[in-house]
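The next block holds one structure in the form of structure tokens; read it before the comments.
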Protein chains: 2
Amino acid sequence: MVRISPPSRRTPKRDAILDAAQCSFLDLGYAATSMDLVASRAGVSKATIYAHFEGKEALFAAVVHRRCEREFLNADAWPEAADARTTLAAVGAHVLGVLIAADTLALYRVVVAEAARQPELAHAFWEAGPSRGRARITALFADLAGRGELAIADPWVAADQFVGMLRAEVFFRALLGLPPAEGREPAATVTAAVETMLTAYAP
Amino acid sequence: MVRISPPSRRTPKRDAILDAAQCSFLDLGYAATSMDLVASRAGVSKATIYAHFEGKEALFAAVVHRRCEREFLNADAWPEAADARTTLAAVGAHVLGVLIAADTLALYRVVVAEAARQPELAHAFWEAGPSRGRARITALFADLAGRGELAIADPWVAADQFVGMLRAEVFFRALLGLPPAEGREPAATVTAAVETMLTAYAP
DNA sequence: GTCTATAAAGCGATAGAC
DNA sequence: GTCTATCGCTTTATAGAC
């Protein structure tokens, strides 16, 4: 419906528009964000926005794409190779931390909501974000299997299960804006997922 | 912001309004559904809607509540007690089937999108839907543990992990409207989750 | 590219008759 | 309860000057 990567030359005004749009879309949602508000927050006129982007959908797509790119720029926080328990605990804590960060949840909410009406956006989001994260974790399990730390037939399945256990009720309640249930902390979710993986895939 | 359970006497017009509203909200999303459209589809005037519901938010809340109730009415499909593998396979297939049903995905999308702006709705949805499902599965694991089929310290954790593994990539891609990845069928996800639970929690 | 001003349409909600 | 008609406001998008 709308192309994701426009010519995309970076200019100060264009960046200001994208910053204002990102903040507005993530805070208020797609529909509740008006072009007037974005223009006001960016300090430009509405006509300037339409000079840079085809319309509201294209602006939204550009915001989502830029946001996914940035998530993977600081990849330095990825843990070093160690024994399985240490590695999974570190990776699990990192992943769940990213998943329940306010920015991530807001992006997730608005992309999921628009996915039904903007299929190309949904696909671009998947490729730019979750798909790359999954690939890393799959590679991690392949590495642990290769080193004899775990007995894994299909690293993709193991990664899928590990991420699934991380993205369980703690994540779901955070997504709905509900307070964490008593005694159900993110750290406990990570620990339990790690132990279950270690037991299920013990060599 | 809006109360969830109005007097709620069932009348033909009221039901027609709720049917039209459900169809519209799930298809188009909250914002893109206008009261004019609902009135038109229900075959009533807009004023009649406002005679039955306080406003758009209240109508939406009523739709969500009714939809959650109905999901739990046909509880007869719940499997009988058997050995752990048979029980988990049946329950897992049932749960994942419900989760990736088109109606469920549409409800999930629209509720998640509005959760940030209608906290009471998010809470009501959680209590009416996911919370009850989780309770059942927790009871199931408690039963399996009590019968010595599995060695489970905390049935809630086991249920959380089982549901998490079910609601992994297959569900996520369906949520985004993407086609299933090659060789990653729902049935395979269920089987893998069952085997991992059986191994991790073997007596 | 950037602005001001405005067009054209749609929105949620209500008044008043019956 | 239900209707027709309409209010008052906001929306996306564009025209035209510079």
**OP:** Tell me which residues in residues 21-39 of chain B put a heavy atom below 4.0 Å from DNA chain D, sorted by number, or none.
**Re:** none

Subject >> Sequence neighbours excluded - side chain to side chain donor-acceptor pair (under 3.5 Å) pairs with any residue from residues 18-32 of chain A >> reply: A:D19-A:R66, A:Q22-A:R66, A:S24-A:R41

Can you sort out the partners of [X] under side chain to side chain contact (heavy atoms under 4.5 Å, CB included), two or more places apart, ordered by chain and number?
X: B:D83; result: B:R85, B:T86, B:E149
X: B:A192; result: A:V157, A:Q161
X: B:A159; result: B:I137, B:T138, B:F141

**OP:** Just jot down the side chain to side chain donor-acceptor pair (under 3.5 Å) partners of A:R173, sequence neighbours excluded, or say none.
**Re:** none

**OP:** With sequence neighbours left out, write down each residue that passes side chain to side chain donor-acceptor pair (under 3.5 Å) with A:T191, or none if nothing qualifies.
**Re:** none

Restricting to nitrogen or oxygen on both sides, can you table the protein-nucleotides 14-18 of chain D pairs closer than 3.5 Å?
none

Original post:
A:T48 has a side chain; which of D:dT2, C:dT2, D:dT12 sits nearest to it?
Top reply: C:dT2

Original post:
Is B:E169 paired with A:R134 through a side-chain N to carboxylate O contact shorter than 4.0 Å?
Top reply: yes

Please state how far atom [atom1] in [X] lies from atom [atom2] in [N], giving the value in whole angstrom units.
X: B:K56; N: C:dG10; atom1: NZ; atom2: P; answer: 15 Å
X: B:F53; N: C:dA13; atom1: CZ; atom2: C1'; answer: 16 Å
X: B:E57; N: C:dC11; atom1: CD; atom2: C1'; answer: 15 Å
X: B:F60; N: C:dA13; atom1: CZ; atom2: C1'; answer: 19 Å
X: A:I49; N: C:dT4; atom1: CD1; atom2: P; answer: 13 Å

Determine all donor-acceptor pairs shorter than 3.5 Å in which one atom belongs to a side chain in residues 98-107 of chain B; sequence neighbours excluded.
from	atom 1	to	atom 2	distance (Å)
B:T104	OG1	B:V98	O	2.7

